[in-house]
Amino acid sequence: MGIIVIIVILLIFGLVTASKRIEKKNKKLRKEMEMANPLPKEKQHLLAYGANLSLYRSESPRILPVKVDHETLKEGLSSVWDISNPEEAVQTLEWLLTEGHRAKFDQLLTALQAGQTFTEDEVGKSQECYESAQEAIMKRLSFEKADFDRVNTIAAWDFDRAVNIARWSHVLGYITEDQAWGYIERAADDASRIFHSWKDYFISFAFGRALAYEGYIYDIIWNGKELLGEADSIWNEFSIKRSA
């Protein structure tokens with residue numbers, strides 16, 4: 001075996017090992033925060049609808065507090081979401097829950113699923129990202145085409161973000177804890193009504209990221225792998241459907 005090949009193998013092995021160490025450390029920190037800030041099961045169930053974005057940010061999806069410092073969170077909400085006060089927080093949350101990106105992009109999703117094609121001038125990188133999302137999910141998560149055919153909305157992209165915006169807005173004092181749970185429960189209720197499985201919810205979130213955000217989804221694939229595949233994940237503990 002050539003020396004260059006050996007070096008490449010060692011580099012890849014080193015990166016994988018480092019990545020596993022980081023993930024193990026993140027899980028340990030999440031567990032410690034969960035033990036320090038316990039929530040009843042019914043409220044953990046509500047937070048499950050924000051698990052995609054929580055894990056993407058290396059936060060626990062089972063509690064309200066976050067480990068990121070408040071100044072960083074405040075700056076992020078301001079720069080990305082234009083949220084700097086209670087009024088803007090409420091306005092954004094209401095938009096996500098009543099309209100969101102699904103109002104515009106569900107129609108594009110339907111067209112793409114029907115086989116229509118668009119130029120970049122028409123939809124930017126949305127079609128390219130949509131096709132890349134399907135390919136990545138099928139390859140990395142072993143989904144089948146029939147799994148995609150069931151999903152005709154990107155609503156999970158809006159609901160997942162609503163759960164997290166409510167969470168962050170409460171942490172920063174923009175809304176009360178009762179207000180935060182009210183918004184989170186509205187997102188959970190709508191998601192429970194629309195989706196039949198967490199697999200569908202993940203696909204909807206991924207399509208939202210691809211179409212509305214024009215983002216590639218490689219960096220959320222591992223979230224899906226954990227949420228759908230690990231026995232102790234929040235999605236495997238709670239059903240997508242909420243009891244009446």
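In this structure, Y201 has its ring center under 6.0 Å from that of F195.
Looking at residues two or more places apart in sequence or on another chain, you find a side-chain contact (heavy atoms from CB on, under 4.5 Å) between A111 and Q116, F118. Applying the side-chain hydrogen bond (donor to acceptor under 3.5 Å, both in side chains) criterion to Q91, with sequence neighbours excluded, gives no partner residue. Partners of R150 according to the salt bridge (Lys or Arg N to Asp or Glu O under 4.0 Å) rule, which considers only residues two or more places apart in sequence or in another chain, are D147, D200. In this structure, S58 has no side-chain hydrogen bond (donor to acceptor under 3.5 Å, both in side chains) partners at least two apart in sequence or on a different chain. Partners of E34 under the side-chain hydrogen bond (donor to acceptor under 3.5 Å, both in side chains) rule, at least two apart in sequence or in another chain, are S60. Remark: D219 engages R209 in a salt bridge (Lys or Arg N to Asp or Glu O under 4.0 Å) (not counting sequence neighbours). Looking at residues two or more places apart in sequence or on another chain, you find a ring-ring contact (aromatic ring centres under 6.0 Å, His included) between F207 and Y130, F148. By the side-chain contact (heavy atoms from CB on, under 4.5 Å) test, N85 pairs with E87, E88, sequence neighbours left out. T153 is linked by a side-chain hydrogen bond (donor to acceptor under 3.5 Å, both in side chains) to D106, counting only residues two or more places apart in sequence or in another chain. Under the rule for a salt bridge (Lys or Arg N to Asp or Glu O under 4.0 Å), the partners of K41 that lie at least two apart in sequence or sit in another chain are E237.
Screening residues 77-97 for ring pair (Phe, Tyr, Trp, His ring centres under 6.0 Å), with sequence neighbours left out, gives W95-H101.
Within the hydrophobic cluster formed by Ile, Leu, Val, Met, Phe, Trp and Tyr side chains joined at under 4.5 Å, directly or through other members, Y216 is accompanied by Y218.
For the residue pair R167 and S54, a side-chain donor N or O sits within less than 3.5 Å of a side-chain acceptor on the partner.
For the side-chain contact (heavy atoms from CB on, under 4.5 Å) with N52, the lone residue among W198, W157, W235 that qualifies is W235.
In terms of modelled atom types and a separation under 3.5 Å, the side chain of S192 and the main chain of A188 share no donor-acceptor contact. Judged by distance alone, with hydrogens and angles left aside, the side-chain atoms of N37 form a donor-acceptor pair with the main-chain N or O of M33 at under 3.5 Å.
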